[in-house]
Student: 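For reference, the structure I am asking about is given below.
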There are 2 protein chains.
Amino acid sequence: MSDNKTTLAIVDDHPIVQEGLQKLLVNAADITIVGCFTTGTDFIHFLKKNPVNVVLLDISLPDVSGIDLCREIKKLSPDTSVLALSNHSERSMVLQMLQNGATGYLLKNISGEELIACINEALNGQLTFSHAVKEIMSRPSLNELKDIPKLTKREKEILQLIADGMTTADIAGTLHLSPLTVETHRKSLLQKFEVKNVAAMIRVAIEQKLIP
Amino acid sequence: MSDNKTTLAIVDDHPIVQEGLQKLLVNAADITIVGCFTTGTDFIHFLKKNPVNVVLLDISLPDVSGIDLCREIKKLSPDTSVLALSNHSERSMVLQMLQNGATGYLLKNISGEELIACINEALNGQLTFSHAVKEIMSRPSLNELKDIPKLTKREKEILQLIADGMTTADIAGTLHLSPLTVETHRKSLLQKFEVKNVAAMIRVAIEQKLIP
DNA sequence: TTATTTCTACCTGTTTCCAGGTATTTCTTT
DNA sequence: AAAGAAATACCTGGAAACAGGTAGAAATAA
């Protein structure tokens, strides 16, 4: 009878999280933790010799990206359900994990009951998300709908200098341009970002990683 | 004899982490966990009535910022050692926590032994860091040496609205203030940040994590 | 209670930004 | 060679920001 229990593996480089997961899962009588791993390669090595029903996978491991590891797991063992574990819920990351075969996406602030519920959902073949992720995925987020503006070389250059606190005149000086030219570029920057002043522009530019 | 054991509290909104910390600390015979809290206010409430030697404090709680909570703890109970717990090690955050009275800064990928060692160091009055943090702090980065400005409540509020692209008039409207008052705040913000326009201010404010 | 900080509000003047254009010279891509 | 994109430069006028003050009320700390 003990053979039809669910086999579960934990892949997470945080000892705290490993211990925490173990403790939360001892309440689940039908789940057996068959292994705890701190790197992706360790787990892959294990998976080649042992069947695993569900793996709780931290997406930010030291050795490999969560995305790559997930794909590798599914290639090696398609029947293994991968539940991604993460601290942050960025839409793009959730989508990428699902594209690469993950069965669910859980935030680390999940409760013990919710965790067990999600594992069971995953075993039934359903996609499953922790509460907080559901919310974020259900309402398409504002700043990810509007496309990232395509800036020209000059515009990027000027954007950078604006972010450094330079005025139009300063920029004109350092780039040996007419202030009026700089104004023109500044104007098209504001247009492309769809904002009405530099404060907002710098904010979203950083958000979109257009400024270091 | 059991009375001179170290009293320790955990403040973290992640059940996994709470359980994990508890499990890692049962090996430490001289430490008693006197409470686990998921919000800052809960813990403050507890602290008002109970002595606590060490608190393991997650810096990203749902209700209050780690910085504010840390300051409040030290005000209420200066003898309590605050060990910040975090996922990421950004210099600016480490510095800010120390400025506000934290005794140490630990990453969540810390091992059980290291955790206990750090707690004991903290009890001896030493500043203590987990391995990874030490590294980052040992090589000073240039632009983070300048101290982080201490903003008032109002200033933070207005900074946020500026970052959202609001003009002085807009802000005055939403906060029901005179535009002249908002200008005054705006002026002191620029002074505190030591910049001459909002573009630069937003940039460093984000860098210093004063804006989400 | 006194001292200090914070929040509030005002005044004056200058600079910079923003919005609405137009237009010529490069590049680049087809 | 022609079309399109990018970079350059100009004009006008109004809006907003910035710099340099002063100052009283309210909250907090010493």
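Here is the naming used below: chain letters follow the sequence lines, and residue numbers restart at 1 for every chain.
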Student: Answer yes or no: is there a donor N or O on one side and an acceptor on the other, between the side chain of B:Gln18 and the main chain of B:Phe37, under 3.5 Å?
Tutor: yes
Student: Would you mind reporting whether A:Lys108 and A:Asp12 have side-chain heavy atoms less than 4.5 Å apart?
Tutor: yes
Student: For every nucleotide of nucleotides 24-30 of chain D, 5' to 3': is a protein heavy atom under 4.0 Å from its base (B), only from its sugar-phosphate (S), or from neither (-)?
Tutor: -------
Student: Which whole-number value in Å describes the distance from A:Leu175 CG to D:dA7 C1'?
Tutor: 12 Å
Student: Could you state the atom-to-atom distance from NE2 of A:His176 to P of D:dT8 in whole Å?
Tutor: 12 Å
Student: Take the protein atom CD1 of A:Ile202 and the nucleotide atom P of D:dA17, then report the distance between them rounded to whole Å.
Tutor: 15 Å
Student: Could you tell me whether B:Lys75 and B:Glu72 have a side-chain N and a carboxylate O separated by less than 4.0 Å?
Tutor: no
Student: Where the side chain of A:Asp164 meets the backbone of A:Leu161, is there a donor-acceptor pair that is under 3.5 Å apart?
Tutor: no
Student: Heavy-atom nearest nucleotide on DNA chain C for B:Lys153 versus A:Val198: which residue maps closer to 5'?
Tutor: B:Lys153
Student: Is B:Glu183 paired with B:Arg186 through a side-chain N to carboxylate O contact shorter than 4.0 Å?
Tutor: no
Student: At a heavy-atom distance below 4.0 Å, what parts of residues 177-188 of chain A sit against DNA chain D?
Tutor: A:Leu177, A:Ser178, A:Leu180, A:Thr181, A:Thr184, A:His185
Student: Check for a donor-acceptor pair, side chain of B:Asn53 on one end and backbone N or O of B:Leu8 on the other, with a separation under 3.5 Å.
Tutor: no
Student: Which heavy atom in A:Ala102 sits nearest to a heavy atom in A:Leu98, and how many Å separate them?
Tutor: O-CD2, 3.6 Å
Student: State, with a plain yes or no, whether a side-chain heavy atom of A:Met201 is found less than 4.5 Å away from one of A:Ile162.
Tutor: yes
Student: Rounding to a whole Å, what distance do you find between A:Glu155:CD and D:dA5:P?
Tutor: 13 Å
Student: Taking C-beta and beyond as the side chain, do A:Ile73 and A:Ile44 meet within less than 4.5 Å on heavy atoms?
Tutor: yes
Student: Any sub-3.5 Å donor-acceptor pair from B:Glu155's side-chain atoms to B:Ser188's backbone N or O?
Tutor: no
Student: Can you give the first and last nucleotides of DNA chain C, 5' to 3', that have an atom under 4.0 Å from a heavy atom of chain B?
Tutor: C:dT6 to C:dC10
Student: Drop me the distance from A:Leu107's CG to A:Phe129's CZ, to the nearest 0.5 angstrom.
Tutor: 11.0 Å
